[in-house]
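Some notes on the structure that comes next.
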Amino acid sequence: MAVFAGAVIQGAVGFGLGLLASPIIAMLEPRVVPGAVHIVNATLPLFTLAREWRRVDWRGFGFAVLGRLPGSVAGGFVVVYVSTRALGVLVGVMVLVAVALTARSVAVPRNGGTLTAAGFLSGVTGTATGIGGPPVALVYQTAKGPQIRATLALFFVLGALQSLALLAVLGRLPARALVTGAALVPFVVLGFAVSGPLRRYLDGGRVRRAVLSVAALSAVAVLARSLAA
């Protein structure tokens, strides 16, 4: 149910699958996190790209990936050597502060520097926790819905595959995580299939509010999971 609901949200907003799926999977079967989450994170964006690939912001995507590469490496070392609880608290607070500031019309400039920084932070948190969408989404919050969804989708596909490869190299990708992730893919497909009405509703001038809301919920979820660990 968490993966289904997350797929509905991400199919409409552009991110949010990890928001619901990662904390609940971590509670039910912590041994498969974050690997299983990365499996579904790599699957759902393919459907978004099949529908809206022409709207990808290639320049912005390039800068975000430039930051994502070293961020994923840093996130891998966090998984092995650093407390993910401390990372979760820090990231959760940072995202909530960013949401509060941007909600009061303090726009985040979308340039090479902000996109690279957001990509780096997304790489760290995505690899370590499975929730990497909010940093990049906040930079794109003033863009049109199709551009947000298409650009984030391409970013998430490559990012999830990179994180999976890195976890495998570090010996933190058990076969159980792969099997669990594969078993959840049908619910990803179903969630995306029913996200159409919500997507059309948000594209009617409501995307920015949805991005801020999902980013805030993501931060709260990360904080709650980290503090309860």
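The distance from atom CD of Gln10 to atom CZ of Phe156, rounded to the nearest 0.5 Å, is 5.5 Å. A distance of 11.5 Å separates CG of Leu115 from OG of Ser122, quoted to the nearest 0.5 Å. Atom-to-atom distance recorded for Leu202:CG and Leu198:CG is 4.5 Å, nearest 0.5 angstrom. From Arg200, atom CZ reaches atom CZ of Arg206 across 13.0 Å, with rounding to the nearest 0.5 Å. In this structure, the separation between CG on Leu217 and CG on Leu212 is 11.0 Å, given to the nearest 0.5 Å. Here Arg199 contributes atom CZ and Ile9 contributes atom CD1; the two are 14.0 Å apart, rounded to the nearest 0.5 Å.
One side chain, Ser163 or Arg68, offers a donor N or O that lies under 3.5 Å from an acceptor on the other. For the 3.5 Å distance criterion, the side chains of Arg55 and Gln147 fail to qualify, holding no donor opposite an acceptor. Residues Arg110 and Tyr140 have side chains that never bring a donor and an acceptor to within less than 3.5 angstrom of each other.
Nearest heavy-atom pair, Phe120 versus Ala74, reported as atom, atom and distance to 0.1 Å: CZ-CB, 4.3 Å. Shortest non-hydrogen contact noted between Val79 and Thr127 is CG2-O, 3.9 Å. Closest approach of Ile148 to Val13, counting heavy atoms only: CG2-O, 3.7 Å. Across all non-hydrogen atoms, the minimal contact from Ser195 to Val8 is CB-O, 3.4 Å. Heavy-atom minimum distance, Pro34 versus Ala128: CG-O, 4.2 Å. The nearest pair of heavy atoms linking Arg31 to Pro174 is O-CG, 3.7 Å.
A salt bridge is defined here as a Lys NZ or Arg NE, NH1 or NH2 lying under 4.0 Å from an Asp or Glu carboxylate O, and Lys144 with Asp57 fails to meet this definition.
You'll find the side chain of Leu96 reaches within 4.5 Å of the side chain of Val220, heavy atoms only. In this structure, the side chains of Ile25 and Leu184 come closer than 4.5 Å at one or more pairs of heavy atoms. Inter-residue side-chain proximity for Asn111 and Phe63 is flagged as unmet; no heavy-atom pair is nearer than 4.5 Å. By the 4.5 Å heavy-atom criterion applied to side chains, Arg149 and Arg51 are not counted as neighbours. Between Leu154 and Pro45, the closest side-chain pair of non-hydrogen atoms is not below 4.5 Å. Leu164 is listed as a side-chain neighbour of Leu173, based on a closest heavy-atom distance under 4.5 Å. For the pair Val40/Leu17, a side-chain contact is recorded, criterion being any heavy-atom separation below 4.5 Å from C-beta on. Side-chain atoms of Val33 and Glu29, non-hydrogen and from C-beta on, never get closer than 4.5 Å to each other.
Cluster annotation: Met1 and Leu28 are assigned to distinct hydrophobic clusters (Ile/Leu/Val/Met/Phe/Trp/Tyr, side-chain heavy-atom contacts under 4.5 Å, transitive). No continuous path of hydrophobic side-chain contacts links Val179 to Phe187 [ILVMFWY only; heavy atoms under 4.5 Å].
Panel note: side chain Thr43, backbone Val185; no donor-acceptor pair is recorded below 3.5 Å. In this structure, the side chain of Gln141 engages the main chain of Leu138 through a donor-acceptor pair within 3.5 Å.
By the 30° and 60° cut-offs, the orientation of the rings of Phe61 relative to Trp58 is perpendicular.
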- side chain to side chain contact (heavy atoms under 4.5 Å, CB included) between Ile39 and Leu178, intermediate numbers included: CA-CA 7 Å; Ile39 296 293; Leu178 297 176; 3.8 Å; yes
- Full working for side chain to side chain contact (heavy atoms under 4.5 Å, CB included) between Phe4 and Val188: CA-CA 6 Å; Phe4 169 77; Val188 171; over 6 Å; no
